Amino acid sequence: MSEILVLGAGMVGVTTALALQERGHDVTIIDRNAPGRETSYGNAGLIQTEAVEPYAMPLAPGALLQIALGRGYDVKWNIPGLLSQAGAVFAYARNSLPAAHRRASQTWGKLIRQSTERHGPLIEASGADNIIRRDGYIELHRTPAKLEKGRKAVERFRTEFGVESTLLDGVQLRALEPSIKVDILGATHWADSWNCSDPGGLVARYAALFERRGGRIINGDAGDLHRKGAAWIADEGEGEHAVIALGPWSPMLLGRYGLKVPMVYKRGYHRHYHMDAPPHHPIADFGNSVVLSPMRRGLRIATAAELTSHPRLLPPQLSHGEKAAKELFEIGAPVEAEPWTGRRPCMPDMLPVVGAVPDQPNLWAHFGHGHQGFTLGPVTAEILAEQMDGGPGWSELSPDRLHR
């Protein structure tokens, strides 16, 4: 029997196992799929030290009207998808109000600024330097109003958080990204952040590092978790402790153990496209609600959020993103027959759940990172590992807050 059983082989689960292993614990990971093939696979590949404020729901009347009428591409929804999580969505909106959002940002900013520091040693030890670039990403500003907003963000983030960035005019942008074929007014180069050309591959390399250091990975049903005497058992895995790191599948499992977890499930899509001359950096085109990232498989077009219970075969956000990408670049045909889709596990208070599950001895939670599980996995893994070794944990992240 292992000392600790980690349920989930995404970025959060694998880095949890590595952090515990580093402290001398005997750890087993169990997942139905190979490491890094679920939610951790489907992202823009960014390790975002500049994302010091969690994503807030747009609450300006004009933005809400756009969302309600289905005219924008930041958030799409349908009635079943919205009704199935109405309470959590309403709480997320309430926590997007300025005072609540500032409170969440105080904790979030402390977490996010540690991300490259925590990823760095794992990247080196796992031999993943060839899929990592440490030169940031570029956010486009298409109008004078957006450019001015970008300038204010650059100044505020540098003053308040020490984030390094540069505001570019159109000429400077073209010098950095000569493959852009249209004139853009300006951009922000967020130089602090790192990017990865194979997000699922990075998780797989972290998992291989875990195995080289003596860890065990089982392909099995993590949702089978149950207690037998003093042990936690899932499929063929067994441990004195169990850590639930199953992302969007965590609430269903924890409901069996008395913890009701409200969650906003933001569905995202991406697809890769052939490109002979890809950009040097990921390009955030927030005006069109997409991020365009150069990946090993081609240019990845990653969309914003959709509130829906079931994925669409032809998501309008991805079609719009493809149109925006073709305006900017010379891109070719899609690499895959169908787009990838997955859900981002967002907590209504915008903070991950990290710590001991109430009233369940030796059961621990580690999930709910929203859009930033890929970035924050190693950071919150260290917080959880310290708590499991007797440390105090972070009360702001504790599962206890879900009982309050």
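All figures in this text were calculated on a predicted structure; none of them were measured in a lab.
For Q85 and Y265, the side-chain atoms include no donor-acceptor pair closer than 3.5 Å. Between the side chains of T166 and H189, no donor-acceptor pair of N or O atoms lies under 3.5 Å. The closest side-chain donor-acceptor pair between T341 and R267 falls under 3.5 angstrom. A donor and an acceptor atom, one from each side chain of Y273 and K326, are nowhere located under 3.5 Å apart. Inspection of the E336 and H272 side chains reveals an N or O donor paired with an N or O acceptor under 3.5 Å. Side-chain contact of W108 with E53: a donor-acceptor pair under 3.5 Å is absent, judged by distance alone.
Under the 30°/60° scheme for interplanar angles, the aromatic rings of F374 and H119 are found to be tilted. Using cut-offs of 30° and 60° on the angle between ring planes, the pair W232 and Y257 is perpendicular.
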Stepwise ring-ring contact (aromatic ring centres under 6.0 Å, His included) check, H371 with Y55 = CA-CA 8 Å; H371 300 254; Y55 291 97; 4.3 Å; yes
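Within the cation-pi definition used here (under 6.0 Å to the ring centroid, within 45° of the axis), R300 qualifies as a partner of Y41.
Taking the charged nitrogens against the carboxylate oxygens, R142 and D285 do have a contact shorter than 4.0 Å, which makes a salt bridge. Here R113 does not pair with E50 in a salt bridge; the nearest charged N to carboxylate O distance is not below 4.0 Å. The existence of a salt bridge linking E306 and K266 is excluded, since no basic side-chain nitrogen approaches an acidic carboxylate oxygen closer than 4.0 Å. Using a 4.0 Å cut-off between charged nitrogen and carboxylate oxygen, R216 and D26 do not count as a salt-bridge pair.
Counting only heavy atoms from C-beta outward, the side chains of D400 and L402 never approach each other to under 4.5 Å.
Heavy-atom neighbours of D129 CG from other residues, nucleotides or ligands within 6.0 Å: above the threshold of 12.
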